[in-house]
Amino acid sequence: MKYIFSMKMAVFMLFAFAVIAGAGTFIENDFGTQTARALIYKAQWFEVFLAYFTAIVIYNIFKFKTYKSKPSVFLFHFSFLIIAIGALITRYVGYEGIMHIREGQSVNKMVSDAKILEVSATDGSNTSELEKVLYFSSMTGNSLNESLKVGDKTVNIELLDYLPTAEYKMVPDANGKTILELKVSAGGQGKMHYFTKGETKDFGSFYISYDVATAHTDKPTFKISGELNALKVEFPFIMKTLNMDTKDSSEIQGGINDLHQRTLYRFGSNAVVLKSINEKSKLDVVSNFIKVKPNLPEYIKLKISVGDKSKTIVAKPMKGRTGELQHLTLDGVKVGLRVGAKIIDVPFSIKLKDFELERYPGSMTPASYSSKVVLIDKEQNLTMPYHI
């Protein structure tokens, strides 16, 4: 015991902690916060390391009775215990998140910083739910194998593949299909979408279909058909066009018209551009980064099983955003699954009275940020102003 809990071991552990913290900083810089958490900060071995260090401190406090003989040494050692208790509470009770507040608004919800797997399963009158925080990274052997009991059936969730970023790329495939690559702006920022024959996608106020015999009738359809060297588009309304190469613009009447590549077709606040036609191709998921990148989704491929029935789904979470809720039914069990940030209610409100941004003279570079907020807790009848 005297060697395991000796002061020499305490000094060694303190040195080791400094090395681990330094390594964590470099890992976070090169591979991202999520990797640092998966490898170190949220790893079970790190808990054991901190628990052992804390045990050494407690042992030596009582062994040498520093609380009686050396108050200054006792205070120094006791401070480590306070830090350990704080870390314990933060790890198992605390949670982090982002709260978006506009000037003049009060908000009592935040978006979790962690990525969370949320699963609900219903079988008749039986309902079960599962929540699990996920820490995947490009440096760890990611694994996930969770089960959820609902009635007399069990829902299993298994991780098949993980990529820190997800980008789609066309690759040649002898057994592949013809895929149209379209950039679609549905009243906002344009995004890439891929269509195979017989496919229809809903964009809110309109549909886009490719070689579909029967179109939807509840709203207009941008209907693509014809041979690859002579594609046609059928749309019921007038569209404005802009050739991306020559910058020539024109207007075409509703009905059937030629569909050209690199030509923008605009109707209302929406626009469609045929970027490319890919024969004998398949859409492959690639990752060109070793850490999560802003504005790029992660790629999580999961296998959901109930009995001998199973289905594969793909989740594409993004930091600070709630994931898309996906529904499926297996062996009579209705499963809802979401991967992403979680909306958390907090027991108080923050009101933003004023946000100030100062820039360096003659530059657009921010020099400082300042927020005047009010903490409002109706249960405690508190209204406390702060200047951050």
Which pair of non-hydrogen atoms, one from [X] and one from [Y], has the smallest distance, and what is that distance?
{"X": "R321", "Y": "V111", "result": "N-CG1, 4.4 Å"}
{"X": "S281", "Y": "M170", "result": "CB-SD, 4.4 Å"}
{"X": "S205", "Y": "N270", "result": "OG-ND2, 3.6 Å"}
{"X": "I344", "Y": "Y95", "result": "CG2-CE1, 3.9 Å"}

Might you work through the side-chain hydrogen bond (donor to acceptor under 3.5 Å, both in side chains) test for H216 and T200, ending with a clear yes or no? CA-CA 9 Å; H216 294 274; T200 300; 5.0 Å; no

Using the side-chain contact (heavy atoms from CB on, under 4.5 Å) definition, which of the options V286, V285, N288 pairs with L163?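 One option only clears the test, and that one is V285.
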
From L328, T154, V333, residue fulfilling side-chain contact (heavy atoms from CB on, under 4.5 Å) relative to V306: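 For V306, the side-chain contact (heavy atoms from CB on, under 4.5 Å) test succeeds with only one of L328, T154, V333, which is V333.
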
Note: [X]-[Y] ion pair, threshold 4.0 Å (strictly below):
{"X": "D245", "Y": "R262", "value": "yes"}
{"X": "K319", "Y": "D113", "value": "yes"}
{"X": "K219", "Y": "D202", "value": "yes"}
{"X": "D173", "Y": "K280", "value": "no"}
{"X": "K109", "Y": "D345", "value": "yes"}
{"X": "E146", "Y": "K132", "value": "yes"}
{"X": "R91", "Y": "E47", "value": "yes"}
{"X": "E199", "Y": "K223", "value": "no"}

Distance-only, no hydrogens or angles: does the [X] side chain make a donor-acceptor pair with backbone N or O of [Y] under 3.5 Å?
{"X": "N243", "Y": "T246", "result": "yes"}
{"X": "S310", "Y": "S305", "result": "no"}
{"X": "W45", "Y": "L39", "result": "yes"}
{"X": "S371", "Y": "V373", "result": "no"}
{"X": "Y265", "Y": "H260", "result": "yes"}
{"X": "N29", "Y": "T25", "result": "no"}
{"X": "N142", "Y": "S137", "result": "yes"}
{"X": "K201", "Y": "Y194", "result": "yes"}
{"X": "Q34", "Y": "F136", "result": "yes"}
{"X": "N257", "Y": "Q253", "result": "yes"}

Flag the pair [X] / [Y] as yes when at least one side-chain heavy-atom distance between them is below 4.5 Å, and no otherwise.
{"X": "L242", "Y": "D248", "answer": "no"}
{"X": "I304", "Y": "V155", "answer": "yes"}
{"X": "Q105", "Y": "E103", "answer": "no"}
{"X": "I58", "Y": "H77", "answer": "no"}
{"X": "I157", "Y": "V119", "answer": "yes"}
{"X": "L302", "Y": "D161", "answer": "no"}

I'd like to know whether [atom1] of [X] has more than 12 heavy-atom contacts from other residues, nucleotides or ligands below 6.0 angstrom.
{"X": "E358", "atom1": "CD", "answer": "no"}
{"X": "K63", "atom1": "NZ", "answer": "yes"}
{"X": "K240", "atom1": "NZ", "answer": "no"}
{"X": "E379", "atom1": "CD", "answer": "no"}
{"X": "K351", "atom1": "NZ", "answer": "no"}
{"X": "F78", "atom1": "CZ", "answer": "no"}
{"X": "R359", "atom1": "CZ", "answer": "yes"}
{"X": "M192", "atom1": "CE", "answer": "yes"}

Please verify the inter-ring angle class for [X] with [Y]; under 30° counts as parallel, over 60° as perpendicular, anything in between as tilted.
{"X": "F80", "Y": "F76", "value": "perpendicular"}
{"X": "F203", "Y": "F206", "value": "parallel"}
{"X": "F222", "Y": "F267", "value": "parallel"}

Are [X] and [Y] joined in one hydrophobic group, where the rule is that I, L, V, M, F, W and Y side chains link up if heavy atoms are under 4.5 Å apart?
{"X": "L50", "Y": "I82", "result": "yes"}
{"X": "L325", "Y": "V339", "result": "no"}
{"X": "M110", "Y": "I350", "result": "yes"}
{"X": "V233", "Y": "L231", "result": "yes"}
{"X": "V133", "Y": "I343", "result": "no"}

For the pair I27 and D30, evaluate side-chain contact (heavy atoms from CB on, under 4.5 Å) and give the outcome as yes or no after the intermediate values. CA-CA 5 Å; I27 291 171; D30 296 337; over 6 Å; no

According to the ring-ring contact (aromatic ring centres under 6.0 Å, His included) rule, which pairs have a member within residues 325-356, sequence neighbours left out?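 Listed by first then second residue: nothing to list.
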
Check the pair L182 / Y210 against side-chain contact (heavy atoms from CB on, under 4.5 Å), numbers first and verdict last. CA-CA 11 Å; L182 279 74; Y210 174 36; over 6 Å; no

Under 3.5 Å side-chain donor-acceptor pair for [X] and [Y]:
{"X": "Y162", "Y": "E298", "value": "yes"}
{"X": "S120", "Y": "E129", "value": "no"}
{"X": "S287", "Y": "T165", "value": "yes"}

Any chance you could lay out the side-chain hydrogen bond (donor to acceptor under 3.5 Å, both in side chains) test for T178 and E279, step after step, and finish with the verdict? CA-CA 4 Å; T178 298; E279 298 183 74; 5.0 Å; no

Apply side-chain contact (heavy atoms from CB on, under 4.5 Å) to residues K342 and E131 and explain how you reach the verdict. CA-CA 10 Å; K342 182 183 177 182; E131 279 192 12; 2.6 Å; yes

For residues 3-24, please give each side-chain donor-acceptor pair under 3.5 Å, one per line with the distance, not counting sequence neighbours.
| from | atom 1 | to | atom 2 | distance (Å) |
| --- | --- | --- | --- | --- |
| S6 | OG | Y3 | O | 3.1 |
| S6 | OG | M9 | N | 3.2 |

Could you give me the CA-CA distance, side-chain angles and deciding distance for I256 and K232, then say whether side-chain contact (heavy atoms from CB on, under 4.5 Å) is met? CA-CA 7 Å; I256 300 175; K232 302 290 184 180; 4.0 Å; yes

Verify side-chain hydrogen bond (donor to acceptor under 3.5 Å, both in side chains) between S106 and S349, making sure each step is shown before the conclusion. CA-CA 6 Å; S106 296; S349 296; 5.9 Å; no

